[in-house]
Amino acid sequence: MSHRGDKHVIASGITPSGEFHIGHLREILTSDIIKRACITQELDAEFVFFVDDADPLRKVYSFLDNSYETYIGHQLANIPPPDENGIPDLERFEQGISYAQHFLEPFKKSLQMLGVEIDEYIYNYDAYKSEKFSDVSRTACNRADEIREIIERVSGRELDANWFPWNPIDAKGCMDGITITGWDDPFVHWLDSDGNAGRSDVTKGEGKLPWRIDWPAKWAWRGVTMEPFGKDHGAAGGSYDTGKEIVRLFDVEPPYPTTYEWISLKGAGAMSSSTGVTIGPLEALRLVPPQIMRYLITRNQPKRHIDFDTGNALIELADEYQRNLAETMRENDDGWWGELSRRQQKAWKDMVSRIGYAQINSDISSAISGFAQKIGNSETTAYLDNQYFGLSKITFRHLALLAQLRENDDAVWESVRRSGLIHEIHDGPTENEVHRLQLMRNWIASPHFPDGFRLRIQTQISELAKENMDPRDVEYLRALAEAFSDCEWDWGAINNHVCELAKERGMKLRDAFQLMYWIVLDQDYGPKLASILEEMERDAVLSLLQSAIDELSA
RNA sequence: GGGCCUGUAGCUUAGCCAGGUAGAGCGUCCGGCUUUUAACCGGAUGGCCAAGGGUUCGAAUCCCUUCAGGCCCGCCA
């Protein structure tokens, strides 16, 4: 992009016709990342977000009440927001909240949480009204024949004889069913669906340009040099292809394109796409820190399809982020860098760059990506402060277990401290870690949390235990039950008995623990056994042991 | 019918634009930590780069064909 000059305008545009989802996030984050990359290259870059609230409501979506029927064809900035039942909320509308704003506001909030810095929000409806599109609109209407030729040739479809590059609104504010009857600069004359004649001044925003012209008009007006867009626009004959020719009628070069793939939702129980349930950015940010959502985008190339999965894969993604973040902090004091092959060096730099752009704070982004450039060229030691970058030794995987095991937050940190995972540099959890625990608790409480990670504490002898227990284990279990019946019910005592009694009998600890995991969790292995038992009622443990003993004695 | 994107180890993928011995992570397996086992550390396993053909001294990378998946060409953002 640097070949195209030092100043860049990166644009994104979204129609606020309904709930925003993480697919929209990809569009915005892609722009955000490009902007940051420009700045790292010392190019001047700004990010403008076009809110397409001049578009009409296309249909009554499933989340809307049928009463929205009357608003079909009306501009989104001009119709009331739905209430929680999908019914038009006239009260809020009177307070100035439109349909478009209703959906946009929460999205803006999530962008803020994600550290996306948008230099300017452009509300299309207002832009037309305030005559920002006057010149391009008149040009378009005056050169309607050329535009028609471009669209017909490039997209290969024939336009209606009455087609005209302006969608006027009728007296009721509707855009549908209007027939253009003439053009008399700057007025478009028309007949509405009831046969009423009227005219619209295209310089006053009485209507809008149709999408295929509206888009290049935005480029021309705002000087857009770069814009990522969904693969639908990017297809041959699609709106980018027509747009890049139309924009030349306005004497402007088209922006540099980047197409990105869709994000789909991987089916996980109730979250399958077939139920029509999508996950919104705010909802996702209640499960994982914002860096993880950014990392989801940065680790995948735009052209790759992403299957977003709020279960297992998200935990793995989060841990991968953490691992790589830690790797980023590596110091080049033992010459490891020089031992890497060239490919490995490049892979490492790419990885660091992806971690860099996943950061919320753009200064940290630059610091990390700058580091990626420098490594290997010079001494790079004592590079950063772990706390500052939110590094933690506690994996999400591990935190998921602790959060289930300990209802009390302090008990979680106590356990972490005992296992030495809280880093030496601080005594307690960092702010970042406290936040992560809160998110993890949200996640566990939600239907998105993967079943495979849920602890399934048994109340009676499990099938796995039945299949695998050895008759010789019964003596050990009896001894354990006896010891448990009157020992201190804490982590140390429990652990001590499990180990001591096993050693006395010459059992391998590994086998003893596995036996207990079969009985307690119906699994081959699990998290710290004593931690689980400690959280269980003593009687529950004893009764479980008894049922195992009964099974073996039978 | 026309066109675009994707297809690399069990899984997720880097590398492709500017050809030069296929890089990771997860998983799996083994070893260590002998009071642990979704933790941590070390090691290993694993790819005829979708298929076929061509160009080249040399192709995952360039060209052609085929197959598979996704998408667009319906004023629809």
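Chain letters run A, B, ... following the sequence lines, proteins first and then strands; every chain starts at 1.
Residues satisfying the salt bridge (charged side-chain N to carboxylate O under 4.0 Å, His left out) test with A/Asp192, not counting sequence neighbours, are none.
In this structure, a donor-acceptor pair under 3.5 Å is absent between the side chains of A/Tyr260 and A/Gln301.
With respect to A/Glu146 and A/Arg143, a salt bridge is recorded, a charged nitrogen being found less than 4.0 Å from a carboxylate O.
Closest to the side chain of A/His233, out of B/A77, B/U36, B/C26, is B/A77. Of the candidate nucleotides B/U35, B/A14, B/G27, B/A14 has the atom lying nearest to any side-chain atom of A/Gln301. Listed candidates were B/U36, B/G70, B/A38. Nearest to the side chain of A/Leu529 is B/U36. Counting only heavy atoms from C-beta on, A/Lys346 has its side chain closest to B/G15 among B/U36, B/G15, B/C71.
Atom CE of A/Met516 is separated from atom C1' of B/A38 by 17 Å (rounded to the nearest Å). B/A77 atom P lies 9 Å from atom CG of A/Asp214, rounded to whole Å. Atom C1' of nucleotide B/U36 and atom CG of A/Leu521 are separated by 13 Å, given to the nearest angstrom. Spacing between atom CE of A/Met175 and atom P of B/C75 amounts to 15 Å, rounded to whole angstrom units. Across the protein-nucleic acid pair, A/Lys349 atom NZ and B/G15 atom P stand 15 Å apart, rounded to whole Å. Here the C1' atom of nucleotide B/C75 and the CD atom of A/Glu152 are 13 Å apart, to the nearest Å. Across the protein-nucleic acid pair, A/Asp350 atom CG and B/A14 atom P stand 10 Å apart, rounded to whole Å. Remark: P of B/G70 and CZ of A/Arg304 are 16 Å apart, rounded to the nearest angstrom.
For B/C75, its base sits under 3.5 Å from the side chain of A/Trp163 at one donor and acceptor pair at least.
Put simply, A/Lys231 has no side-chain N or O that comes within less than 4.0 Å of OP1 or OP2 on B/C5.
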Practice item. Determine which bases of RNA chain B form Watson-Crick or G-U wobble pairs with both distances under 3.5 Å, and write the result as a 5' to 3' dot-bracket string with | for other-strand partners. Key: (((((((..((((......[..)))).(((((.......))))).....(((((..]....))))))))))))....

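Annotation: cation-pi pair A/Arg436/A/Phe396 present, NZ/CZ under 6.0 Å from the ring centroid and within 45° of its normal.
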